[in-house]
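Being a predicted model, the structure only gives us computed values, none of them experimental. Each chain gets a letter, A, B and so on, in the order its sequence line appears, and its residues count up from 1.
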Number of protein chains: 2
Amino acid sequence: MSDNKTSQDTRERILDVAERLFMAHGYEGTSMRMITGDAEVNLAAVNYHFGSKEALLREVFRRRLAWLNHERLHELDALEAEAGGAPLKPSQVLEAFFGTLLRMGENEALGGMTFLRLLGRTLTEPADFIRTFFAGEYAEVIERYKLALFRALPDVPKAEIIWRFHFMLGAMSYAIAGTDILQVVTGCELGDLSGEKAGERNAAKQLAARVMPFLLGGLRAPLPQFEGDAYQQQEMPLPKTA
Amino acid sequence: MSDNKTSQDTRERILDVAERLFMAHGYEGTSMRMITGDAEVNLAAVNYHFGSKEALLREVFRRRLAWLNHERLHELDALEAEAGGAPLKPSQVLEAFFGTLLRMGENEALGGMTFLRLLGRTLTEPADFIRTFFAGEYAEVIERYKLALFRALPDVPKAEIIWRFHFMLGAMSYAIAGTDILQVVTGCELGDLSGEKAGERNAAKQLAARVMPFLLGGLRAPLPQFEGDAYQQQEMPLPKTA
DNA sequence: GCTTGGTTCAAACGTTCGTTTAAATCATAT
DNA sequence: ATATGATTTAAACGAACGTTTGAACCAAGC
């Protein structure tokens, strides 16, 4: 074993530690000194390698989302090629979108459950630059899957599909990010999702088995009855952008 | 109109402003000076009236959760009394739990959508004292509704119900907190949920009409098939606490 | 009128924040 | 060996943070 530290090591060690600390304490709750301290690098190393704390957070996500985005598009391409122009089944679309995500949680080299939890939590972070960044990173993939869901559910109004896509994202984010909250709230163990007994691979697999039926049930639920003034339009409003 | 400011005014003005700013920027992202500046009170007023920034956040929630907890228990009591010992329908339980919440969003005096968004976002805040606080505030209500769901779904394993309760909380939190995120991501308007056209009352009603069928569909989805090593136990693990 | 207890005020406290600087160190190629 | 560019280092920067202080202010009771 050697104590040599190449600059590549420094960069990645910073990213790994930042990923874990941002997950545990949030963006504003994690200081540069916490990161550089845990990573055993000099305080100035972050600004030297990444430029700023904001840029560091972006890079933490970019190295993971690059794989996730590519994989999600690839899976959808493969399914659509196999279907030969026919609409996919809703379960196939969900499996491609959320299954890909959950497979990241099984693979330590892709960030494992740490990154999944970070992702789930960060989606609700209020900081403007974070939301702007995510919108840009996600736009293409979301658009593709949105269209796939439209085709998979031709009888469901498009606005309703978008709403339910939103609800599914929330259920998944929360399921991943807030595992321990529920344990506290319910006072119950929920199996070894905490990952200490059977490791994180099993945790992600268990979560998948639990959450996918729920999502599919919600997506395919009967359409709401609109009465009174609660809701007037059944069709999708005009898109704001192209 | 008078410029008289009683100390009661000061307290409530601080709470109102803090509620709005914590919602918009998160706990760590909101400084005391932002709060006292917007509320037009002296910087020291927060520590005088509440003791600390942490205590201020707790009080922001306490004044709203007192009503919400009471109302949720009251609704459940009424339903169970009406049922006369028979199990409730799942839709009744969800209507009592989430309908009560959404009714807060229609009532400006109870915090309106601002508090709902704050609640949804804060549930995923990583700070320890926040999670501890919520666990204590929520414990009794969650326990009651958990048991009601057990009775409403006698054929569903209890662990599965807890999981799905968790998923429903996530979908609802996300639906409330992250409205604008989805608009950015999808590039679509989703009706006037932003509340500028028809006001917040309608926003909450629309959301209710959209999300309740989704939740019910997820809650009543077919049970997952457990194959291989992904999941071994179908029954609920032993509770950690009483 | 004067005291009293609650409230507001400007000012400062010490700490921590993200960032910058300039020198020191390292790796590599001539 | 020495020059060069990349990296690391210790130290400091100004700003912002949550909190505290002690005097000023104000309404009510005697």
Check: Between atom NE2 in H25(B) and atom P in dA16(D), what is the gap in whole Å?
Finding: 15 Å

Check: Within this structure, what is the CG-to-C1' distance between N47(B) and dC13(C), rounded to whole angstrom?
Finding: 13 Å

Note to self: Can you tell me which nucleotide in dA12(C), dG18(C), dG6(C) comes closest to the side chain of K53(A)?
What the structure shows: dG18(C)

Item checked: R63(A)/D16(A) ion pair, N-O < 4.0 Å -> yes

Next item on the list: Write down the distance between CZ (R13(B)) and C1' (dT8(C)), rounded to a whole number of angstrom.
Entry: 12 Å

Notebook entry, point to check: Between R64(B) and E19(B), does at least one N-O distance fall below 4.0 Å, as a salt bridge requires?
Noted result: yes

Notebook entry, point to check: Do L215(B) and F167(B) come within less than 4.5 Å of each other through their side chains, counting heavy atoms only?
Noted result: no

Margin query: Over 60° means perpendicular and under 30° means parallel, so tell me whether Y27(B) and F22(B) are parallel, tilted or perpendicular.
Written below: tilted

Margin query: If the cut-off is 4.0 Å, is S52(B) near the phosphate of dG18(D), judged by side-chain N/O to OP1 or OP2?
Written below: no

Item checked: Between dT7(C) (P) and R11(B) (CZ): distance, integer Å -> 10 Å

Margin query: Can you tell me which nucleotide in dA10(D), dC9(C), dT8(D) comes closest to the side chain of H49(A)?
Written below: dT8(D)

Check: For the side chain of N42(B), counting heavy atoms from C-beta on, which of dA12(D), dA10(C), dT7(C) is nearest?
Finding: dA10(C)

Margin query: On the nucleotide dT7(D), are OP1 or OP2 found under 4.0 Å from the side-chain N or O atoms that T10(A) carries?
Written below: no

Margin query: Any side-chain N or O of S31(B) below 4.0 angstrom from OP1/OP2 of dC17(D)?
Written below: yes

Notebook entry, point to check: For the residue pair F165(B) and Y145(B), is the inter-centroid distance of their aromatic rings smaller than 6.0 Å?
Noted result: no

Checklist line | Length of the CE-P vector between M32(A) and dG18(C), whole Å | finding: 6 Å

Checklist line | Integer-rounded Å distance: dA6(D) P and D9(A) CG | finding: 19 Å

Next item on the list: Nearest whole angstrom, please: distance from the P of dG18(D) to the CD1 of I35(B).
Entry: 8 Å

Margin query: Need one value for T30(B): base, sugar-phosphate or nothing, where a base atom within 4.0 Å counts as base even if backbone is also close, heavy atoms only.
Written below: sugar-phosphate

Item checked: Side chain of L43(A) (C-beta onward), nearest among dT21(D), dT19(C), dG18(D) -> dT19(C)

Check: Could you state the CZ-C1' distance from R33(A) to dG18(C), rounded to the nearest angstrom?
Finding: 7 Å

Next item on the list: For the side chain of Y48(B), starting at C-beta, report the closest nucleotide among dG18(D), dG18(C), dT8(C).
Entry: dT8(C)

